[in-house]
Engineer: 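If you scroll down you'll find the structure; I have some questions about it.
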Amino acid sequence: MNVMNRTIIEQNTILEFENEAAEAKISLFGGHVISYVPKHDSRERLWMSSTSKMNGTESIRGGIPICWPWFATQYPNNDSSLPRHGFVRSDYWELAEVSEKPDCTLVTLKFPKSRGAGLNGTFELSLVVSIGNQLEVSLEVINTGESDFSIGGALHSYFSVDDISQTKVEGLSGNYIDKMRDSARFPATSPTTFHEETDRIYQTCEPETQINFGTKTTQVTNHGHDSIVVWNPWLEGAQSIGNMPDDGYKSFVCVEAAITGSVTVAAGEKYVLRQIIS
Ligand code: TA6
């Protein structure tokens, strides 16, 4: 049986779900999953910054930010007046539907606007979250206009780990662009380990990635991506980020299902970027 509660934080609403398999929380600001705990091991999979404001005044630090329709500073037409990581993580979404399935609760959020500065066209954007033994997050866009448009973006997930210096990300292949080394390109070597600020774009469409720490594994499966971004800011980075405690970097790694190139969505067509977490 599903239970849904709402917590109101100033202008924002946090939806809380519980069923036989799991508990999860979703913020309407940002269309942002902020917690997922499967009941079979009661382990929180997502990391949330203890200093992140949840009241709709700034994008949320932690959980699964929705970066769309571009990634980071890949602004359309190099227009740097546009917001970093797109315009949907810092706006309100609406709850469209909650339905019970035999093994999960299906929650659909809709972005209420059909246009946004930087995207030349009209769209319908939904986030479909399936809460069960695994968490499935699907960002679905339909091009409702009459011409093609291009999109980038990411499911910028922050995963909770016990100690970043003892964490390994396995399964990354292809070449990676190292943003810490003038965006030079290197062949991936597995596993990826962490000893300093890390900001890499792995150019791979392979779906499976594992985050291993101690005896624990978080399985991350990606679809619709052209790359997997791996990020940890380390101490100096954390100190420079307003809504992250200085030692926050020790307990998370971002492994992101990303479109860092661009995907064309033809008129009338749908495109889905998906991440499955268990
Ligand atoms: O996805 C990695 C990244 O683009 C990093 O360069 C890092 O700055 C991070 O995202 C966080 O970005 P934000 O705008 O949320 O501070």
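Each ligand, and each atom within it, is numbered from 1 in the order the structure gives. A quick note: this is a predicted structure, and the numbers were derived from the prediction, not measured.
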Engineer: When you group the ILVMFWY residues by side-chain heavy-atom contacts below 4.5 Å and let the links chain together, are Ile277 and Leu172 in the same group?
Structural biologist: yes
Engineer: Which atoms from ligand 1 have a heavy atom of His156 less than 4.0 Å away?
Structural biologist: 1 (O), 2 (C), 3 (C), 9 (C), 10 (O), 11 (C)
Engineer: So, for Trp47 and Tyr249, is the gap between ring centers shorter than 6.0 Å?
Structural biologist: no
Engineer: Give the ring-plane orientation class for His156 versus Phe71, where under 30° counts as parallel, over 60° as perpendicular and anything between as tilted.
Structural biologist: parallel
Engineer: Under 4.0 Å from a heavy atom of Asp199: which atoms of ligand 1 are those, numbered in the order shown and with their elements?
Structural biologist: 2 (C), 5 (C), 6 (O)
Engineer: In terms of atom number and element, which parts of ligand 1 are under 4.0 angstrom from non-hydrogen atoms of Val229?
Structural biologist: 1 (O), 2 (C)
Engineer: To which protein heavy atom is atom 11 (C) of ligand 1 closest, and what is the distance rounded to 0.1 Å?
Structural biologist: Trp231 CH2, 3.7 Å
Engineer: Would you mind telling me if ligand 1 is within reach of the side chain of Met244, the backbone, both or neither, using heavy atoms under 4.0 Å?
Structural biologist: neither
Engineer: Taking both backbone and side-chain atoms of Tyr158, is any N or O found less than 3.5 Å from an N or O belonging to ligand 1?
Structural biologist: no
Engineer: To check you understand the geometry: which heavy-atom pair defines the closest contact between Trp231 and Glu256, and what is its length?
Structural biologist: CB-OE2, 4.0 Å
Engineer: Which atoms of ligand 1 are found less than 4.0 Å from any heavy atom of Phe71?
Structural biologist: 1 (O), 4 (O)
Engineer: Looking at Gln210 and Asn212, would you say the former's side chain and the latter's main chain have a donor-acceptor pair under 3.5 Å?
Structural biologist: no
Engineer: Minimum heavy-atom separation for Asp148 to Asn143, with atom names?
Structural biologist: CA-ND2, 3.8 Å
Engineer: With a cut-off of 4.0 Å, which atoms of ligand 1 are near a heavy atom of Arg61?
Structural biologist: 11 (C), 13 (P), 15 (O), 16 (O)
Engineer: Against heavy atoms of Glu256, which atoms of ligand 1 measure under 4.0 Å?
Structural biologist: 1 (O), 2 (C)
Engineer: In terms of residue, atom name and distance, what is the protein heavy atom nearest to atom 14 (O) of ligand 1?
Structural biologist: Arg84 NE, 2.7 Å
Engineer: Look at atom 15 (O) of ligand 1 and say which protein heavy atom is nearest, naming residue and atom and giving the distance to 0.1 Å.
Structural biologist: Arg89 NH1, 2.8 Å
Engineer: Are Asp246 and Lys250 within salt-bridge range, i.e. N to O under 4.0 Å?
Structural biologist: no
Engineer: Answer yes or no: is there an ion pair linking Glu20 with Lys39, defined by an N-O contact shorter than 4.0 Å?
Structural biologist: no
